[in-house]
2 protein chains.
Amino acid sequence: MRIGQLAKLVGVDVQTIRFYEREGLLVSPERQQNGYRIYTQQHVERLAFVRRCRMLNLSLAEIGELQGYLDEPHQPCTAVNGMLDGRIAHVRAQINSLQALEKQLVALRTRCSGVHEAADCGILTGISAETR
Amino acid sequence: MRIGQLAKLVGVDVQTIRFYEREGLLVSPERQQNGYRIYTQQHVERLAFVRRCRMLNLSLAEIGELQGYLDEPHQPCTAVNGMLDGRIAHVRAQINSLQALEKQLVALRTRCSGVHEAADCGILTGISAETR
DNA sequence: TCTTTACCCTATAACCATTATAGGGTTTCC
DNA sequence: GGAAACCCTATAATGGTTATAGGGTAAAGA
Ligand SMILES: [Zn+2]
Ligand SMILES: [Zn+2]
Ligand SMILES: [Zn+2]
Ligand SMILES: [Zn+2]
């Protein structure tokens, strides 16, 4: 299978596949005589794994770590669930700070209603004041 | 006031101040004979404005737009509250997708408990399966 | 005065994951 | 045989900062 087919199949851009290869997340595939990359079912599975990890917001470095476990399955999985715990904590922190931000933005938004000129806009004066 | 003082005063890195100047968010200050930048109270206020906008997650482009209103206050503020509405919608969308992600991660995390080897780790098999 | 320490300058690269662009070859189908 | 769709590499751009290299200046103590 050529790169375009793989891209469609897994739902990843062609450029991104080449990028993953350079970054060591995908094994370099064989090449045809013309230089075209030829992929196997194993590549499909690995790429799908990478993509699912990305959808879980794992970094490429973390994904590389996880692949180490796929490649050497006879080691304890301690670091795997540690990584997930870290991710979960991080996502929760993000949610909290975004919720705080939402409150600030909504409060700021209420300061402007109706049409008036910028000099009198409560949003601008609100930001210029303090927004702590 | 020199750049280091300004940086401390407003709580922004020195590099970042120079970056904002290059990006046109801060007016280029006068220079001493030795080339050092000399800032006035107006610069302090503008930088503080930029920083508060950044804390509201506004992009540098949006901040530049807002500064246009500060500089020309006799125009309607329509775009100002439009921008804020857009930001609020964006933040809410982010929160929703992070909450969905959190659920996925937590569900995945429950698949691993106790010490075992990677081949049997429910997290890895969970990702390898489908995690939709 | 000498020297250390802290500060200032510019230019350039790194961060992250991806997307875009330039410039050129190959395959496929009509 | 010619156009469309595909493939290749290399390099730059995205956003907002932070880091680094390499060098000049200033404020302080010894
Ligand atoms: Zn074993
Ligand atoms: Zn208004
Ligand atoms: Zn007016
Ligand atoms: Zn496990």
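In what follows, chains are A, B, ... by sequence order, proteins preceding strands, each numbered from 1.
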B:Asn34 and B:Gln32 side chains, donor-acceptor separation under 3.5 Å: yes

Side chain to side chain, A:Ile17 and A:Tyr39, heavy atoms closer than 4.5 Å: yes

Pair A:Val27-A:Arg46, side chain to side chain contact (heavy atoms under 4.5 Å, CB included): steps then yes or no: CA-CA 9 Å; A:Val27 175; A:Arg46 268 301 159 94; 5.5 Å; no

Gap between atom CG of A:Leu70 and atom OG of B:Ser128 - 0.5 Å precision: 5.0 Å

5'-most by nearest nucleotide on DNA chain C - B:Arg22 or B:Arg2: B:Arg2

Side-chain heavy atoms of A:Ile3 within contact of A:Arg18, under 4.5 Å: yes

Exceeds 12 heavy-atom contacts within 6.0 angstrom, atom CD of B:Gln99: yes

Whole angstrom value for the distance that separates C1' of C:dT18 from CG of A:Leu26: 15 Å

Length of the line joining A:Met55:CE and C:dT18:P, which is rounded to integer Å: 12 Å

Nucleotide interval of DNA chain D bounded by contacts with chain B (heavy-atom cut-off, under 4.0 Å): D:dG16 to D:dA26

A:Gln15 side chain, from C-beta outward: closest of C:dT28, C:dA20, C:dT18: C:dA20

Non-hydrogen side-chain atoms of B:Arg2 and B:Arg37 separated by less than 4.5 Å: no

Sugar-phosphate, base or nothing in reach of B:Arg18, heavy atoms under 4.0 Å: base

Near-strand residues of residues 31-48 of chain A, defined as heavy-atom separation under 4.0 angstrom from DNA chain D: A:Arg31, A:Gly35, A:Tyr36, A:Arg37

Close side-chain approach of B:Gln67 to B:Phe49, heavy-atom, < 4.5 Å: yes

Between C:dA17 (C1') and A:Asn57 (CG): distance, integer Å: 11 Å

Under 3.5 Å: donor-acceptor pair, side chain of A:Glu72, backbone of A:Tyr69: no

Whichever of B:Gln5 and A:Ala61 has its nearest DNA chain C nucleotide further upstream toward 5': B:Gln5

Interatomic distance, B:Ile17 CD1 vs C:dC7 P [rounded to whole Å]: 13 Å

